[in-house]
> 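I have a structure I would like to understand better, so I am pasting it below and will then ask my questions one at a time.
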There are 2 protein chains.
Amino acid sequence: MAGQPNDRAYAPPARCEMCVARYRALCSTLSGEQLDRLANMGRRRTVPANQYIFRDGDEALYFASILSGVVKLIKTTADGEQHIIGLMYAQDFLGHTFGKSHRFSAAAATEVELCTFPRAPFVRLLDDYPPMERWLFEFTVRELDHCRDWTLTLGRKSSYERVASLLLIIARRARYTGNGPLPRNYAQFELPLTRSELADYLGLTLETVSRMVGKLKRKGLIELRSTREVIVPDIGLLAAVASMDGSLDAEGRQKLLEPHE
Amino acid sequence: MAGQPNDRAYAPPARCEMCVARYRALCSTLSGEQLDRLANMGRRRTVPANQYIFRDGDEALYFASILSGVVKLIKTTADGEQHIIGLMYAQDFLGHTFGKSHRFSAAAATEVELCTFPRAPFVRLLDDYPPMERWLFEFTVRELDHCRDWTLTLGRKSSYERVASLLLIIARRARYTGNGPLPRNYAQFELPLTRSELADYLGLTLETVSRMVGKLKRKGLIELRSTREVIVPDIGLLAAVASMDGSLDAEGRQKLLEPHE
DNA sequence: CGAGTTCTTGACTCGCCTCAATTTGAGTGG
DNA sequence: CCACTCAAATTGAGGCGAGTCAAGAACTCG
């Protein structure tokens, strides 16, 4: 999308039927002729870790489905600070704007595989085929819900709770996106972000994040195989610490009421 | 929607052509037969200030366009604290969820006039008529953009900047929604929120909000005719204080670079 | 193994919260 | 019109949590 010279080469799309995204992503709404149209305009692309996919203010020339990897969404403030506003995983969609230019930057947190679609024919397909637009609309509504939940985290929670909240989100998403079935209530994953990036996501400093990760570790809520490899032995307990999370499920609420510190 | 006994009586819709919302709200996408369908299912309703319109968790039985007044969107945390996640004004739409129940509460900040639509026929019209769905989709995308901008305010700004940011948003919206043309760069409006509500919006305490409003007043960025009546003599200056605001326009950016404190 | 980045830990500072006392303002009844 | 009441807002004193600054440890990658 940004077209840096070091981008990997374009390749024709793998047959959609064999694609990991076929039954969960945008294309799950399509079949027959419509799917052919999308497949014909789609191009696979691999983006190495830490490379920008597009930048805030860039003209929005492409849309993309994420096939694998993790993407950071980044806002840069006037004084040059970075703030991460979201993470995108496999099956998510990038570039849901009606405007001509992007409202934030997207960068690969890990190596990322994308299926990209040029703007004009994609928008035409959207106009012709309401179910696909409906999928995008619902995706956007979910994003909005998550964003509103997140404002609670940033507005009201302590640094300890914030770090727990973010790890919880990443843990759940890792469980959902991961392949193998895991023990119930258990998660193990590689953090796609550095301490500094976690801080940019949470509105904290990297020192505070480091301290709170340490505290979670001391309290036994997480284990670290390395600084990036996290194990959450009991997701419910972590949810209890993240507390008042809105997205707190019945399970978590239960744990919260049980008599342990 | 909530159906409290003290709700005013339902009335048949005023002829749409005379409605303030006709050319800006959802219904601006409609004409002829489709507009008739919407008009026939719509019911006007007046909600007095400080009354709930619907509550978090309620089954979403109605959608609504706001005709006049200001609506607070409120999340209540597990421990009972309130957090305001947004304000809605005339021409905005309430209840854009695909889920069966509301994800937050809505309450009238001022007296509010609504045009309400029962869920089932409204969703049918949405299915039948893509341009209306498109309007809602675009509205949701704008909401998402604003919400993401807001996470920057909550995550990174000082209390002074936050208060300035919120007053700026309210001032701009008041200019946009207000009737008469105002002097360029000038705004005057009645705050729809108490200090305590401003604090719930900003993730601060009411004392801090009060102090920062006082500071803005001392520095001449705002004037107060009463505690609720605000005058912003120069919106650009206020935008400069709110700074790094993302939504900072060219005008504001200009001011930011000029040599005044 | 060495160089650079990332992460951790400690000491100190400061901004916002907490608690508490007034002050202001709107609404009500004498 | 004024006295009374109650909610809303202001102002002040003091404490704590997260930021800042700085040093050192632990990873990563030639």
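Below, chain A is the first sequence line, B the second, and so on; all start at residue 1.
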> Mind listing the closest non-hydrogen atom pair of Ser165(B) and Trp150(B) along with its distance?
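Answer, listing the atom of Ser165(B) first, then Trp150(B): CB-CZ3, 4.4 Å.
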> Between atom CE in Met212(A) and atom P in dT8(C), what is the gap in whole Å?
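From Met212(A) CE to dT8(C) P: 12 Å.
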> Could you state the CG-C1' distance from Leu206(A) to dT9(C), rounded to the nearest angstrom?
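Result: 12 Å.
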> Should Arg195(A) and Glu207(A) count as an ion pair when the cut-off is N to O under 4.0 Å?
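No, no charged N to carboxylate O under 4.0 Å.
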> Measure the distance from NZ on Lys217(A) to C1' on dA26(D) and round it to the nearest whole Å.
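In whole Å, dA26(D) C1' and Lys217(A) NZ are 11 Å from each other.
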> Counting side-chain heavy atoms from C-beta on, which of dC16(C), dA9(D), dT20(D) comes nearest to Ser159(B)?
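So the side chain of Ser159(B) is nearest to dC16(C).
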> Is Leu167(A) close to Leu216(A) at the side-chain level, that is, under 4.5 Å between some pair of heavy atoms?
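Yes; the side chains approach each other to less than 4.5 Å.
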> Measure the distance from OH on Tyr160(B) to P on dC16(C) and round it to the nearest whole Å.
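That distance rounds to 12 Å.
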> Between dG27(C) atom P and Asn50(B) atom CG, what is the distance in whole Å?
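Interatomic distance, CG of Asn50(B) to P of dG27(C): 12 Å.
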> Given dC17(C), dC7(C), dG12(D), which nucleotide is nearest the side-chain atoms of Thr208(B)?
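Minimum distance to the Thr208(B) side chain belongs to dC17(C).
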> Tell me: NZ of Lys157(A) to P of dG17(D), nearest whole Å?
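Result: 18 Å.
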> I need the minimum non-hydrogen distance between Ile170(B) and Phe189(B), along with the two atoms involved.
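For Ile170(B) and Phe189(B), the tightest heavy-atom pair comes out as CG2-CE1, 3.6 Å.
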> How do Glu207(A) and Thr227(A) order along DNA chain D: which one's closest nucleotide is nearer the 5' end?
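By nearest-heavy-atom nucleotide position, the 5'-most residue is Glu207(A).
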> Calculate the interatomic distance between Glu229(B) atom CD and dG25(C) atom P; express it in whole Å.
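Computing the Glu229(B):CD to dG25(C):P distance gives 14 Å.
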> Can you figure out which of dT8(C), dC16(C), dA9(D) approaches the side chain of Ser210(A) most closely?
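The answer is dT8(C).
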> Output the rounded distance in Å from CZ (Arg218(B)) to C1' (dT11(D)).
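About 11 Å, once rounded to whole Å.
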> Phosphate oxygens OP1/OP2 of dC7(C): is one of them under 4.0 Å from a side-chain N or O of Arg228(A)?
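Yes, within the criterion.
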> Could you work out which one of dA18(D), dT8(C), dT11(D) sits closest to the side chain of Arg211(B)?
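Given the options dA18(D), dT8(C), dT11(D), the side chain of Arg211(B) is closest to dT11(D).
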> Side chain of Thr205(B), heavy atoms from C-beta onward: which of dT8(C), dT18(C), dA18(D) has the nearest atom to it?
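Looking only at heavy atoms from C-beta outward on Thr205(B), the closest nucleotide is dT18(C).
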> Inspect the contact between Asp92(B) and Arg173(B) and indicate whether a charged nitrogen and a carboxylate oxygen are less than 4.0 angstrom apart.
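Salt bridge between Arg173(B) and Asp92(B), a charged N being under 4.0 Å from a carboxylate O: yes.
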> NA contact type, Leu204(B), heavy-atom cut-off 4.0 Å: base, sugar-phosphate, or nothing?
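Answer is sugar-phosphate: Leu204(B) comes under 4.0 Å of backbone atoms only.
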